[in-house]
There are 2 protein chains.
Amino acid sequence: MVDQEGTSPKPGARVDTSTCEYIGDMLARISDKWTLLVVRSLGRGPLRFSALRREVGEVSKKMLTSTLRELEENGFVTRTVIPTRPPQVEYALTDLGHDFLTPVQGIAEWVVKNSTRIDAARASYAGRV
Amino acid sequence: MVDQEGTSPKPGARVDTSTCEYIGDMLARISDKWTLLVVRSLGRGPLRFSALRREVGEVSKKMLTSTLRELEENGFVTRTVIPTRPPQVEYALTDLGHDFLTPVQGIAEWVVKNSTRIDAARASYAGRV
DNA sequence: TGCTCTGGTAACAATTAGTAACCAAGTGTG
DNA sequence: CACACTTGGTTACTAATTGTTACCAGAGCA
């Protein structure tokens, strides 16, 4: 075996393996550049595609589309087409998505509360290097 | 102007703009594929590089290295070289990193609690499509 | 007529992540 | 002795993901 990258089966996991895998899977699912940002934006109320794009920031149409598709697939948001002159599409959090907002806000609040410590740590690291 | 992708300055943000940007920045910082997984693994105690790699799962050395470097830079983990025969390197959460574990565990717990609903939503979407 | 808006999509470019090999010093195996 | 294997990486190359740009279609407006 010459420095293999692949991981072989690991028998002795500390916590229930399938639960761990499930969490890991979900964390991987939400750990992309836009998902949390989009959920947070929709947490303040339903938004149309363009409004959401303005709200989130520098997200491209393509990535916003694919992020929303995946959130839809996971049951976090609904997509409603409003048949106006140029048809508009409204995105809103489902009950599940709204509940998910709680832990997400938890992170956001933690970040705000600890911003001083984070900045201090970063400054200190920059100083050491 | 022909379908510009760039976003122009947006004056009327609902919440304090700089706070929002700070949160967005931090969310972007932790929303990569491995950060949350690594923090969660180190939450159970300090681990050496290889042990951590086994714990996290299918992460490549390269990505684990860069993830750990960024966590170090943000003051979430410490890196300690143990001068043994082949020198070993131990990674551990700092106080800041340990505190961060709380909101991260919040997400993990939410996922476990709501796994039934998530699975149901996914199945329902798969059925509709 | 020309330019705007709507919510996308397709083709291509740029960035990022993953893979495989390598390093160097020391241990164990045949 | 020669080989394999350990440690924590780095490097070069490739694969996958993201971002950019242009385009669609139908209506509004000057």
Side-chain angles (χ1 to χ4, degrees), chain A residues 1-8 10 24-25 27-38 41-42 46-73 77-92 129, chain B residues 1-8 10 24-25 27-38 41-42 46-73 77-92 129:
Chain A
M1 198 203 285
V2 187
D3 207 356
Q4 264 302 115
E5 282 288 343
T7 315
S8 34
K10 169 182 46 104
D25 180 66
L27 285 183
R29 204 176 289 270
I30 61 168
S31 291
D32 64 283
K33 208 168 166 185
W34 304 113
T35 301
L36 292 180
L37 261 18
V38 167
S41 290
L42 288 178
L47 287 170
R48 287 180 301 104
F49 188 84
S50 306
L52 183 54
R53 205 153 91 86
R54 277 186 292 270
E55 193 81 6
V56 170
E58 358 73 70
V59 62
S60 68
K61 290 187 200 176
K62 184 185 162 191
M63 286 318 295
L64 184 53
T65 301
S66 70
T67 300
L68 285 166
R69 287 291 137 81
E70 212 182 311
L71 281 169
E72 214 193 329
E73 201 174 316
V77 309
T78 53
R79 179 179 181 274
T80 316
V81 178
I82 308 164
T84 43
R85 321 72 174 170
Q88 303 186 338
V89 180
E90 191 178 75
Y91 289 93
V129 178
Chain B
M1 197 203 284
V2 187
D3 206 359
Q4 266 299 117
E5 282 288 344
T7 313
S8 35
K10 170 182 45 105
D25 179 65
L27 285 183
R29 206 177 289 270
I30 62 167
S31 290
D32 63 284
K33 207 171 168 184
W34 304 112
T35 301
L36 292 181
L37 261 17
V38 167
S41 289
L42 288 178
L47 287 170
R48 287 180 301 103
F49 188 84
S50 306
L52 183 53
R53 205 153 92 85
R54 277 185 292 268
E55 193 81 7
V56 170
E58 359 72 69
V59 62
S60 66
K61 289 185 198 177
K62 184 187 162 193
M63 286 318 295
L64 184 54
T65 302
S66 69
T67 300
L68 286 167
R69 287 289 136 81
E70 213 180 311
L71 282 169
E72 213 191 330
E73 203 174 315
V77 310
T78 53
R79 178 178 182 276
T80 316
V81 179
I82 307 163
T84 44
R85 320 69 172 174
Q88 302 188 336
V89 181
E90 191 177 74
Y91 290 94
V129 177

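Rounded to whole Å, atom P of C/dA11 lies 12 Å from atom NZ of A/Lys62. B/Glu90 has its CD atom 14 Å from the P atom of D/dT7, to the nearest Å. Rounded to an integer number of Å, the gap from A/Tyr91 OH to C/dG7 C1' is 8 Å. Put simply, CG on A/Leu68 is 8 Å from P on C/dG8, counting in whole angstrom units. Spacing between atom CZ of B/Arg48 and atom C1' of D/dT7 amounts to 8 Å, rounded to whole angstrom units. Between A/Glu58 atom CD and D/dT18 atom P there is a gap of 15 Å when expressed in whole angstrom units. For the pair A/Leu47 CG and C/dG7 C1', the computed distance is 15 Å after rounding to whole Å. Taking atom CD1 on B/Ile82 and atom C1' on D/dG9, their separation rounds to 15 Å, with Å as the unit.
Taking every side-chain heavy atom of A/Lys61 into account, C/dG7 is the closest of C/dA11, C/dG7, C/dT6. Residue B/Gln88 places its side chain closer to D/dG8 than to any other of C/dC12, D/dG8, C/dG7. Residue A/Phe49 has its side chain nearest to C/dG8 when only C/dA17, C/dG8, D/dG9 are considered. When distances run from any side-chain atom of A/Val89 to the nucleotides C/dT19, C/dG7, D/dT7, the shortest one goes to C/dG7.
Here the closest non-hydrogen pair linking A/Leu36 and A/Ile30 is CG-O, 4.1 Å.
Residue B/Arg69 is the one, among A/Met63 and B/Arg69, whose nearest nucleotide of DNA chain D lies closer to the 5' end (criterion: closest heavy atom). Toward the 5' end of DNA chain D, the nearer of the two residues A/Arg85 and A/Ser66, judged by each one's closest nucleotide, is A/Ser66.
Only A/Lys33, A/Trp34, listed by number, bring a heavy atom of residues 27-37 of chain A to less than 4.0 angstrom from any atom of DNA chain D.
One distance of note links OG1 of A/Thr80 with CD of A/Gln88; it measures 12.0 Å at 0.5 Å rounding. In this structure, A/Thr65 OG1 and A/Glu70 CD are separated by 13.0 Å, a value rounded to the nearest 0.5 Å.
At least one side-chain heavy atom of A/Glu90 sits less than 4.5 Å from a side-chain heavy atom of A/Ile82. Between A/Leu68 and A/Leu52 the shortest side-chain heavy-atom distance falls below 4.5 Å.
Every residue meeting the side-chain hydrogen bond (donor to acceptor under 3.5 Å, both in side chains) condition with A/Arg79, not counting sequence neighbours, appears here in chain and number order: A/Tyr91. Taking the salt bridge (charged side-chain N to carboxylate O under 4.0 Å, His left out) definition, one finds that A/Arg48 meets it with nothing, sequence neighbours left out.
Contact annotation: A/Arg79 side-chain N/O to C/dG8 OP1/OP2 distance is under 4.0 Å.
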